[in-house]
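Just so it is clear, the model here is predicted, and its values are computed rather than measured. Order of the sequence lines sets the chain letters (A, B, ...), proteins ahead of strands, with each chain counted from 1.
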Amino acid sequence: MSELEADKLVDGTLAWRAPPAPLRSRRLATALSNAWHELRKSRTASIGAVMLVLLFGACIGTPWLATHDPIKQNYRERLQPPSEKHLLGTDRLGRDIYSRLLYGGRRLVTIAVVAVALSLVVGVPFGVLTGYFGGLADTIGMRIVDGLLAFPGLLLYLLFVTVAQAWKLEGVMIDFVLVSALALAGMPEKARLARGSVLAEKQKEYVEASRAVGDSSISIALSQILPNIISPLIVTSTVRLGLVILIVAALSFLGLGTPPPTPDWGSDLSAARDYMETHPLIAAFPGLAICYTVLAFNLFGDGLRDILDPRMAER
Amino acid sequence: MLAYTLRRIAQLVPVLLVLSVAVFAFVEALPGSIVDTLVGTEGGDIEEARAILTKEYGLDRPVHERYVLWLGRALQGDFGKSLVTRRPISTELLSRIPATVYLASVGIVLSMMIAIPLGTLAAVRRNSAIDYTAQVTSLAGISIPEFWFAILCVLLFSLYLGWLPSSGYVSPFEDFWGSLQFLILPAAAIGFRQAAFTTRLTRSSMLDELSKEYVDTARSLGHSERKVIFKYTLRNAMIPTITISGLQLANLLGGTVVLESIFAWPGIGRAIFEAILQRDYPLIQAGVLILGFIVVVMNLLVDLTYRLLNPRVKFA
């Protein structure tokens with residue numbers, strides 16, 4: 001039966017597929033208010049959600065919120081304490097710390113979100129397909145995953161960064177290499193999660209039913225099983241976002257991220273070390289910014305886990 | 001158990017192969033060839049030197065042959081020579097391992113000394129001030145970047161108070177007390193962060209145990225609460241905690257790069273980091289391969305210990 005025929009047969013479905021525009025926006029509003037209602041069940045999740053909204057707001061609104069050019073140096077105003085002109089003071093080159101934090105955060109959060117999204121895009125289909133087909137595909141797939149997990153700590157990223165440096169990559173390309181490394185390192189977790197759920201779901205009746213109706217294997221794996229593993233994926237991705245922020249900051253702290261003068265919390269923190277004794281505030285702000293961001297993701301992830309997995313919340 | 005162990009060891013082989021291919025591919029992905037780097041530093045008859053070196057490094061052969069050759073040598077502990085110091089890479093790296101193991105294991109022991117009492121107390125006195133403190137502290141430990149925590153510690157204890165040196169290393173075999181002075185800050189930075197994870201785990205596995213039926217039975221038999229906790233539940237709750245600590249230790253061997261560079265700690269992580277700055281590619285390659293191998297083997301050991309401690313896990 002072709003898709004067109006199916007639409008003709010079930011008229012109700014067709015009408016439902018293309019709702020008028022105002023209805024769709026109202027549905028979005030309802031969905032948002034429902035989500036907020038669910039979130040209220042966990043205090044941790046609601047605090048995390050508020051912190052994240054502020055964070056993303058700051059990232060989107062950076063061009064309007066920033067008061068200065070983050071790269072422009074001003075030697076007459078070096079190492080100034082917070083004032084009305086410079087909300088968080090200035091660094092060793094007279095650059096406005098507040099504006100640098102905003103631009104640095106925007107970049108850092110973007111990298112993290114893209115990296116985690118990419119690890120989902122690669123990892124989930126990988127896990128679903130290996131789990132669904134089993135056999136040799138499964139064995140090979142899982143050995144690849146194990147091999148990736150054998151890289152301890154930062155080593156996988158260090159390898160990628162080294163290659164990027166050797167090719168003398170610049171700007172966005174460095175970020176691209178870093179994002180690929182982060183996605184590759186995040187992939188095994190998603191693949192294993194997806195595979196585990198698929199192995200459990202595969203046995204259930206609704207999958208059997210789809211197969212009986214004549215759906216192809218891949219279509220069953222992706223359309224029937226995927227919706228069932230969404231919630232653990234959301235939770236692990238949120239927690240992973242916090243971790244990725246820490247990793248990226250650590251790499252640029254080591255001097256292996258985007259080179260200066262690009263605003264970057266990790267490298268700004270590293271540069272502030274030389275002035276730490278006399279101007280401890282300069283090192284404090286990027287550190288606090290990293291803490292705030294990671295904490296926001298962790299709180300939200302923890303809270304979500306409690307909401308989505310009530311068995312855990314009882315503890 | 002024996003059959004299971006053998007099967008797991010057999011499973012290691014493909015994992016290590018994947019690791020070695022990845023590490024080999026890393027050097028292949030670099031632009032130019034090693035010969036350019038070598039010739040650049042030696043001078044003399046460039047063309048002749050190139051030809052000799054190309055032959056010496058086997059670069060005139062196809063990729064798969066070079067991989068097999070490289071792997072064969074690596075298995076015998078021959079990783080070639082460092083491009084910078086010209087000394088054998090194996091001695092260069094092996095001499096750096098003790099410092100990392102020293103730092104990582106003291107850090108993990110420290111984290112267990114914080115996490116086990118704190119996590120247990122938090123579970124036993126659930127929803128009390130202690131529980132709340134434990135949860136907030138561990139959330140902070142997970143969210144604070146360890147390099148920032150380390151910098152703050154240096155600021156407070158070295159620069160303001162002047163109690164401890166800000167960086168450096170003394171071997172514990174030469175001067176034990178002297179080496180402790182240098183060890184405290186980096187080990188505390190590791191301990192604080194790892195304790196955050198372990199505290200949460202100890203708390204939740206302790207809560208899990210306390211809700212089981214045998215605890216009610218023990219209480220109804222008239223055993224004191226102290227005995228119930230220390231003799232029965234804590235022992236069971238420790239199994240996941242110890243397992244995680246073992247995995248953390250394995251992962252830390254390659255994960256102390258940042259702290260080693262802050263505290264000028266001469267460990268293997270810093271050796272790899274320095275090699276990256278100096279473009280000493282064979283050393284990076286060997287370092288990652290060795291650490292990866294150690295991690296894979298340690299993970300297996302931890303897993304086997306876990307099964308030994310916990311007979312309920314089936315050897316499937």
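If you tally non-hydrogen atom pairs under 4.5 Å between each of Pro145(B), Ser20(B), Gly292(B) and chain A, the highest count goes to Pro145(B). Counting heavy-atom pairs closer than 4.5 Å to chain A, the top residue among Val295(B), Ile294(B), Ile276(B), Ile142(B) is Ile276(B). Contacts with chain A were tallied for Leu210(B), Ile284(B), Thr256(B), Leu139(B); Leu139(B) has the most, counting heavy-atom pairs under 4.5 Å. The choice from Ile151(B), Ile144(B), Val257(B) that makes the most heavy-atom pairs within less than 4.5 Å of chain A is Ile151(B). Of the residues considered (Ile262(B), Leu253(B), Val21(B), Leu17(B)), Ile262(B) shows the highest number of contacts with chain A, using heavy-atom pairs under 4.5 Å.
By the neighbour-count criterion of 12 heavy atoms within 6.0 Å, atom OH of Tyr132(B) is sparsely surrounded, having that number or fewer from other residues, nucleotides or ligands. Under a cut-off of 6.0 angstrom, the local environment of CZ in Phe56(A) is crowded, with over 12 non-hydrogen atoms contributed by other residues, nucleotides or ligands.
Remark: Arg203(B) does not engage Asp208(B) in a salt bridge, criterion side-chain N to carboxylate O under 4.0 Å. The existence of a salt bridge linking Arg195(A) and Asp138(A) is confirmed by a sub-4.0 Å separation between a basic side-chain nitrogen and an acidic carboxylate oxygen. One finds no salt bridge joining Glu260(B) and Arg96(B) here, because no Lys/Arg side-chain nitrogen approaches an Asp/Glu carboxylate oxygen to under 4.0 Å.
Checking Asn298(A) against Ser143(B) by side-chain atom types alone, a donor-acceptor pair falls below 3.5 Å.
Both the backbone and the side chain of Arg143(A) come within less than 4.5 Å of a heavy atom in chain B. Interface remark: Phe149(B) contributes no atoms to any contact with chain A (heavy atom separation under 4.5 Å). Looking at Leu243(A), only its side chain comes within 4.5 Å of chain B, counting heavy atoms on both sides. In this structure, the portion of Leu256(A) lying under 4.5 Å from any heavy atom of chain B is its side chain and not its backbone. With a 4.5 angstrom heavy-atom cutoff, Val296(B) touches chain A only via side-chain atoms. Phe293(B) does not touch chain A: none of its heavy atoms, backbone or side chain, sits under 4.5 Å away. At a 4.5 Å heavy-atom cutoff, the contact between Ala29(B) and chain A is made by backbone and side-chain atoms alike. Looking at Val258(B), both its backbone and its side chain come within 4.5 Å of chain A, counting heavy atoms on both sides. Proximity to chain A involves both the backbone and the side chain of Val15(B), based on heavy atoms less than 4.5 angstrom apart.
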